[in-house]
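Working notes for the structure below.
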Amino acid sequence: MSDSPDIARIAALIGDPARANMLMALMPGRALTVSELAQEAGVGLATASSHIAQLQAGGLISARKSGRHKYLELASVEVAALVEQLMALSIATRPLRARPGPKDAALRHARVCYDHLAGQCGVQLYQSLVQRGCLVQDAGGLGLSARGHDFARHFGLSAEDLRPGRPALCRACLDWSQRQSHLGGRLGRSLLAEMQRRGWLARSPAGRAIRFSAAGSRAFDRAFPPVFAGAVLDAAAFSP
């Protein structure tokens with residue numbers, strides 16, 4: 001018997017259209033009920049419960065109770081990253097069209113990817129930090145340089161936000177619509193939370209769209225200036 005990871009098991013779980021729709025419905029980072037997931041998947045409650053049990057057994061979603069209600073959510077940021085990358089791959093392998101990704105301009109501009117910023121603004125944030133040497137690539141993967149630590153602390157993040165450990169502090173996440181990297185990991189989550197605390201942006205009450213206020217958009221561009229044309233955008237090109 002092979003000792004290789006059993007990717008076929010995970011692929012089979014995600015490969016069912018109803019289960020795939022459930023996972024995508026949980027991508028905004030909110031917990032949903034069984035009936036809400038049934039509606040998203042277009043199936044009845046009994047069928048939805050069967051799919052949910054399989055996703056739970058496979059470690060893709062987890063459940064928690066509040067009173068009489070049971071809520072389902074993605075089991076981890078790794079699951080969210082996998083779903084986002086499958087969405088990107090699905091778009092990339094379709095026949096090319098003029099504009100990849102979602103038709104909704106608001107989703108292309110800024111959206112939440114589980115718990116961090118995605119879309120054009122997410123890519124801008126990542127590229128800006130790379131260009132300034134705040135994000136670096138080494139043998140251990142994507143990381144925060146000394147300059148990056150200084151920036152993050154100045155931005156309002158705490159030492160606890162920046163501690164080493166799991167899940168990873170920094171992670172390059174392939175953006176579904178832009179087909180370039182945006183910043184995931186605990187740093188991506190903390191930066192989004194801080195921008196929300198400052199009132200720069202607000203999340204849509206339903207769905208993944210993020211809307212910046214006019215003042216928040218200006219502040220975002222000052223904090224994460226757009227990269228000039230022709231700049232190197234890959235963190236692997238930078239060293240600490």
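What you see is a predicted model, and the numbers here were worked out from it, not measured in a lab.
- A donor-acceptor distance shorter than 3.5 angstrom exists from the side chain of Ser145 to the backbone of Cys134, with no hydrogens or angles considered.
- In this structure the side chain of Ile61 reaches within 4.5 angstrom of the side chain of Leu26, judged on heavy atoms.
- For CZ of Arg147, the number of neighbouring non-hydrogen atoms (other residues, nucleotides, ligands) closer than 6.0 Å is 12 at most.
- With rounding to the nearest 0.5 angstrom, the CZ atom of Arg189 is 9.5 Å from the CG atom of Leu169.
- No hydrogens or angles considered: a donor-acceptor pair under 3.5 Å links the side chains of His51 and Arg19.
- Classification of the Phe155-Phe151 ring pair by plane angle, with boundaries at 30° and 60°, yields parallel.
- A donor-acceptor pair shorter than 3.5 Å can be found between the side chains of Arg132 and Ser128.
- One distance of note links OG of Ser158 with CZ of Arg163; it measures 9.5 Å at 0.5 Å rounding.
- Using bins of under 30°, 30° to 60° and over 60° for the plane-to-plane angle, the ring pair His116/His182 lands in the tilted bin.
- No side-chain heavy atom of Ser213 sits less than 4.5 Å from a side-chain heavy atom of Leu201.
- Looking only at side-chain heavy atoms (C-beta outward), Phe220 and Met195 come within less than 4.5 Å of each other.
- Checking Arg203 against Gln196 by side-chain atom types alone, no donor-acceptor pair falls below 3.5 Å.
- Residues Leu82 and Ile14 form a side-chain contact, since some pair of their non-hydrogen atoms from C-beta on lies under 4.5 Å apart.
- Counting heavy atoms from C-beta on, the side chains of Arg64 and Lys70 never come closer than 4.5 Å.
- For the pair Gln137 (side chain) and Gly143 (backbone), a donor-acceptor distance under 3.5 Å is absent.
- The residue from Leu55, Leu32, Asn21 that alone fulfils the side-chain contact (heavy atoms from CB on, under 4.5 Å) condition with Leu37 is Leu32.
- You'll find the side chain of Leu23 stays beyond 4.5 Å of the side chain of Met27, heavy atoms only.
- In this structure the side chain of Glu194 never reaches within 4.5 angstrom of the side chain of Leu191, judged on heavy atoms.
- Shown here are the side chain to side chain contact (heavy atoms under 4.5 Å, CB included) partners of Ala168, two or more places apart in sequence or in another chain: Arg166.
- Salt-bridge formation is detected for the pair Asp175/Arg111: a Lys NZ or Arg NE/NH1/NH2 atom is positioned less than 4.0 Å from an Asp or Glu carboxylate oxygen.
- Hydrophobic clustering (ILVMFWY, side-chain heavy atoms < 4.5 Å, transitive): Val123 and Leu125 are in distinct clusters.
- Atom CG of Leu135 sits about 5.5 Å away from atom SG of Cys170, to the nearest 0.5 Å.
- Here the side chains of Arg186 and Arg171 are not in contact, with every heavy-atom distance at 4.5 Å or above.
- Judged by distance alone, the side chains of Gln54 and Asp16 never bring a donor and an acceptor atom under 3.5 Å apart.
- Annotation: the span from Gln56 atom CD to Ser62 atom OG amounts to 7.5 Å, rounded to 0.5 Å.
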